[in-house]
J.: 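Could you have a look at this structure, given as structure tokens, before my questions?
Each chain gets a letter, A, B and so on, in the order its sequence line appears, and its residues count up from 1. Note that the structure is a prediction, hence the values are computed from the model and not measured.
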Amino acid sequence: MNKALLPIVTISTFIVLIWYSFSIVLNSSWALDKAERNDQKLSFSELVHDTWSQKKPKLPAPHQVGYEMYKTIFDKKVTSKRSLVYHGWITLSATLAGFMLGTLLGILLALAIVHDKATDLSVMPWIITSQTIPILALAPMIIVVLSSIGFTGLLPKAVISMYLSFFPIVVGMVKGLRSPDLLEIDQMKTWSASQFQILIKLRLPKSIPFLFTSLKLGMAASLVGAIVGELPSGAIAGLGARMLSGSYYGQTIQIWSALFTAAILAASLVGLISIIQAFVFKRMMIVQ
Amino acid sequence: MTDETVISAKSLDLTFQTNDGPVHALKDVNLDISKGDFISFIGPSGCGKTTFLRVMADLDQPTDGTITINGISPKAARESRAYGYVFQSAGLYPWRTIGKNIRLPLEIMGISKSEQKERVEKVLKLVELEDFEKKFPWQLSGGMQQRASIARALAFDADILLMDEPFGALDEIVRDYLNEQLLKLWHSTEKTICFVTHSIPEAVYLSTKIVVMSPRPGRIIDIIESDLPDKRPLEIRDTKEFIDIPQRVREGLRAGHSYE
């Protein structure tokens, strides 16, 4: 524990220091302009103080973001439109829905690809192509198409989220399901095992380590997908909407708060998967 | 031991089509194996001994000739679970205990839970691993893992045991011990065993018949009937009768090699 703590604290301190310095550098022109208009001369400490406490800074200082997050997470009622918990929940629900859909789709596709040569040859290129299209270009169209057939709100975002998250699952699971070596497959053959039995007794257990790696990637991708889905839709709720409205009104502190909330959310979700993974690996005697 | 033939190969041929051209793995192989025989296949790498075993197990298909197991095709024999196959590596699943690993083929074959339990206990006793049912593979030594894999091959009570260099990866001391155990097991179960090896003493010590094979193309060059007594303590390897047989095996192996 201590071994891990020291490097983490060192790096974090380093990042915060750099951040504060850049706040001074980036926000100083505004502070100096203002001082000049008022015929004032700023001392260095006054300049630093000003750059760290502007209302619409180019780069808000860490404590400003921290305070904004504290205010909008703990001080606001969770039902309030200004609560980050409210917006976080909107994004989280779309993320989880998209993640589940993506995982399901990914596993089903992987099963089909591993068991059917024709699917392998015909579907795999499309799966790869799907990820070369910029999601920012595709997201508005998914929203338009789905809303024209009556789906709005959570579902379009979940679909965009799924679009990003199924890919790591497919790739990981195909690799995992194919990870049994020739000897293990031959062994199964000597027992006249059916394809289904080979899947249940051998392929699936062997794919578990691959699955967890994919789930972590998929979860992070899901969150990105949900946020991207909130940007073009004119959504008024969600972390993406929060970022967008922040950028309309130059509310940089609001943007950074939403950004950090999203990062913390992603880290927690990935961390949760890691905990489940540790538990499953222990049960299955998988050594990492 | 009776004269009932369980495995019969007639002018068996197998050619693999590889990217470097055809490889003649088996050429005109003829062999009859009687019930209760302990047959060793010996020869240098590439002589087709493993391929022959795989053909018996229906893991590879001959390109010409016929082979029958218990009078039926290898495929039908495999589907009726006529043989147990032991590979060079134990191939135990790390997420299953030893007991559960042995159950695996029984689960696949749809044998009832109560009978599974009974059989696992029985075969664990046969390979002297009674106390290890609840242990995981990593808690066992290499030799013990290989014994567990033999137990797994015995669990569904097939009459034929096909073993592909099962002790090849083990050190000599463990190998001696396992050879002795295998002979004991063969005596007590009266199974027909086909055993691939590249160790001459191992082949001579274990077998009733030694099949000497030669590469390019893989073929049988000599079949040596062993006149050693059925009961064989390890010390038998120092007697004159024992020393004569390896001599003949070596001659056979040398004759098969043209070294050109």
J.: In this structure, are over 12 heavy atoms from other groups packed under 6.0 Å from A:F151 atom CZ?
T.: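 No - once you tally the heavy atoms of other residues, nucleotides and ligands closer than 6.0 Å, there are 12 at most.
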J.: For B:W138 and A:M285, work out which heavy atoms get closest and say how close.
T.: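 Taking every non-hydrogen atom into account, NE1-SD, 3.3 Å.
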J.: Residues of residues 173-202 of chain A under 4.5 Å from chain B (heavy atom pairs)?
T.: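 Only A:L183, A:E184, A:D186, A:Q187, A:M188, A:K189, A:T190, A:W191, A:S192, A:A193, A:Q197, A:K201, A:L202 of residues 173-202 of chain A have a heavy atom under 4.5 Å from chain B.
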J.: Sort out for me which of B:S89, B:A158, B:P137 touches chain A most, counting heavy-atom pairs under 4.5 Å.
T.: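 Of B:S89, B:A158, B:P137, B:S89 has the most heavy-atom pairs under 4.5 Å with chain A.
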J.: Which atoms of B:L104 are under 4.5 Å from chain A, going by heavy atoms: the side chain, the backbone, both sets, or neither?
T.: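 Only the side chain of B:L104 comes within 4.5 Å of chain A.
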J.: Please determine whether the number of non-hydrogen atoms from other residues, nucleotides or ligands lying under 6.0 Å from atom CD of B:Q61 exceeds 12.
T.: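 More than 12 within 6.0 Å, yes.
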J.: Got A:K206 and B:Y93 here, is their nearest side-chain heavy-atom distance under 4.5 Å?
T.: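 They are not in side-chain contact.
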J.: Does a sphere of radius 6.0 Å around CD in B:Q139 hold more than 12 heavy atoms from other residues, nucleotides or ligands, not counting ones at 6.0 Å or beyond?
T.: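 Yes - once you tally the heavy atoms of other residues, nucleotides and ligands closer than 6.0 Å, there are more than 12.
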J.: Hey, which residues of residues 92-129 of chain A are touching chain B, say heavy atoms under 4.5 Å apart?
T.: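 If one takes a 4.5 Å heavy-atom cut-off, no residue of residues 92-129 of chain A lies near chain B.
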J.: With a 4.5 angstrom heavy-atom cut-off, could you sort out which part of B:R81 is near chain A: side chain, backbone, both or neither?
T.: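 Answer is side chain: those atoms of B:R81 sit under 4.5 Å from chain A.
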